[in-house]
Amino acid sequence: MLDRSMVGTRIRERRVMTGLKQAELAEKAGISASYLNLIEHNRRRIGGRTLLQIAEVLEVEPTALSEGAGAHLLTALQEAAAGQRQIGDSSDAIAEPELDRVEEFAGRFPGWAGLLAGLSERCTGMERTITVLTERLAHDPQLAEALHEVISTATSIRSTAAILAETRELEPEWQMRFHRNINEDGQRLAEGAETLMHYLESAPDTGADIRSPQDELHLFLEQYGFHFSQLEGWGAAPRVEALVDNNPALRTEPARILARNVLRQTADDARALPLEDMRRIVAKVGVRPDHIADKTGQPLARVCRRLAFLPEDITGPVGLVTIDGAGALLLRKSVLGFALPRSGAACTLWPVYEVLAQPGRPLRRILRQGDLSLEALSLTEEVRPASFGAAPLTHAHMLLLPLEKGAASEAVLDVGVTCQICTKSDCPARREPSILSGGL
């Protein structure tokens, strides 16, 4: 609060700073020295013409004498004093600031007062940032998942590298597989670390979300409902770039690369299985990938992808999960609330992992997750054939469909989401550490 009774003190401080004697100031201001002495000791009120004359002689604004330092500066200094912290033990404690002389300090040394107030505000802001980031580290589930993914990936790389370093005789096929796993895990580790860096560098009050390139891809796909009418028919390839460029959901280049790959595959699938043909076939045989493959002569994997990317008014609710040979999720489209993890490996009991061990053999399972039961059709796809210099590159797909009537009597497989958050204490996958990789 401003203290207007300190006008005399401010006049005396300013006079001393300018090097004037009391008598010199009184003479130039047109008042007696004894009257000025009473003013400087705050024994006489001053205002009007006399204040203007003294301010003119001292070359200062009248408000600087009548009001002193600004309210904001005084408040900042008082807050700095209230928030001071002791350093070391009591013998090294910082002396208590003289709060009764804060206006005097600000008036005599306005530069130093402003610097001190600024440093105090900066310190308070940094403490607030540290507190918010600490809360994030302790309670943010997305950040915890991202950190877990980085640590898990690094551990996987270390384990694979140890096998390569410690095994003297290793078959070339296994060497290629381990090298490929290290390369894929290294890419995921770099992407995860970049995502964490952007998240932690963002302002704590922005509510910035952690998004990996895969998260950005799926946000982009969800915006379009997993159906791109622009890619139907011939000549769709040039429209892929138009869909990807400048889309706000795709913030990073890795995400844009993933989106281009998915859209190009979608365009190829649409060209091989035209929309109107699929509408007619689905109306006749239903959402049965094997029947559609027989009628069209197209691979099962392509049929499953096409069904997942068609409008729901043709197929009804259809979900899809695609994983790579190491078990990591590449694409996820949920259906009817079936929970899918954002990244890493999913529940190792899912049949999509089972078919990796039996390439070329499709599997049908009834899955139950909580109160929800679904039909899961799983199969593998050879993305790149084997050669003398490289192992085959395989992906696995799991099409998720609503359960048909009469299927409830079939054997049901209870599954979770991922081992990290699964509540099934009796699950064999959680008792066998070798199974948790979900890959080899």
Side-chain angles (χ1 to χ4, degrees), residues 129-165 177-204 206-221 249-259 261-262 321-332 334 339-348 350 352-353 356 395 416-422 429-430 432-440:
T129 299
I130 292 172
T131 300
V132 172
L133 289 177
T134 301
E135 289 293 321
R136 281 185 175 184
L137 289 170
H139 304 295
D140 190 330
Q142 295 179 353
L143 179 57
E145 181 180 347
L147 287 171
H148 184 276
E149 176 67 15
V150 169
I151 295 172
S152 299
T153 306
T155 303
S156 176
I157 293 174
R158 182 179 179 183
S159 299
T160 307
I163 293 174
L164 289 172
R177 180 173 292 188
F178 284 134
H179 286 148
R180 186 179 69 248
N181 288 346
I182 289 178
N183 179 59
E184 293 174 354
D185 286 341
Q187 291 177 352
R188 282 197 291 270
L189 180 61
E191 293 169 0
E194 182 180 2
T195 301
L196 281 176
M197 180 187 70
H198 291 319
Y199 176 77
L200 293 175
E201 285 181 347
S202 64
T206 60
D209 188 17
I210 293 183
R211 291 183 190 169
S212 67
Q214 286 78 13
D215 289 332
E216 295 177 36
L217 167 66
H218 289 95
L219 179 60
F220 167 70
L221 296 176
L250 303 172
R251 300 183 298 184
T252 61
E253 184 57 28
R256 288 187 284 271
I257 293 174
L258 292 175
N261 292 338
V262 170
V321 172
T322 300
I323 65 173
D324 62 15
L329 284 172
L330 300 178
L331 189 141
R332 60 183 189 271
S334 185
L340 305 175
R342 287 179 52 176
S343 61
C347 173
T348 56
W350 288 6
V352 70
Y353 291 111
L356 278 178
H395 288 172
V417 181
T418 177
C419 288
Q420 300 175 32
I421 57 175
C422 185
R430 302 185 70 186
E432 297 291 341
S434 60
I435 302 178
L436 295 179
S437 63
L440 301 176

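Owing to the predicted nature of the structure, the values given are computational and were not obtained by experimental measurement.
Leu340 has its side chain within reach of Trp350: a pair of non-hydrogen atoms, C-beta onward, lies under 4.5 Å apart. Using a 4.5 Å heavy-atom threshold, the side chains of Leu221 and Val262 count as touching. Ile323 places none of its side-chain heavy atoms less than 4.5 Å from the side chain of Leu331. Put simply, the side chain of Leu329 reaches to within 4.5 Å of the side chain of Pro341, judged on heavy atoms.
Neither side chain, Asn181 nor Thr160, offers a donor N or O lying under 3.5 Å from an acceptor on the other.
With rounding to the nearest 0.5 Å, the separation of CG in Asn183 from CD1 in Ile157 is 9.5 Å. The distance from atom CZ of Arg251 to atom CG of Asp215, rounded to the nearest 0.5 Å, is 9.5 Å. Atoms CZ and CG, from Arg158 and Asp185 in turn, are 15.0 Å apart once rounded to the nearest 0.5 Å. One distance of note links CG of Leu330 with CG of Asn261; it measures 10.5 Å at 0.5 Å rounding.
Looking at residues two or more places apart in sequence or on another chain, you find a side-chain contact (heavy atoms from CB on, under 4.5 Å) between Ser159 and Thr155. Shown here are the side chain to side chain donor-acceptor pair (under 3.5 Å) partners of Thr322, two or more places apart in sequence or in another chain: His397. A search for side-chain contact (heavy atoms from CB on, under 4.5 Å) contacts involving Leu258 returns Pro213, Gln214, Leu217, not counting sequence neighbours.
Judged by distance alone, with hydrogens and angles left aside, the side-chain atoms of Arg332 form no donor-acceptor pair with the main-chain N or O of Val321 at under 3.5 Å. Judged by distance alone, the side chain of Glu216 and the main-chain N or O of Thr252 form a donor-acceptor pair under 3.5 Å. Between the side chain of Tyr353 and the backbone N or O of Ala346, at least one donor-acceptor pair lies under 3.5 Å.
Of all non-hydrogen atoms in Ala259 and Leu250, the two that sit nearest each other are CB-CD1, 3.8 Å. His395 and Asp324 make their closest contact through CD2-CA, 3.8 Å (heavy atoms, listed as atom of the first residue, atom of the second, distance).
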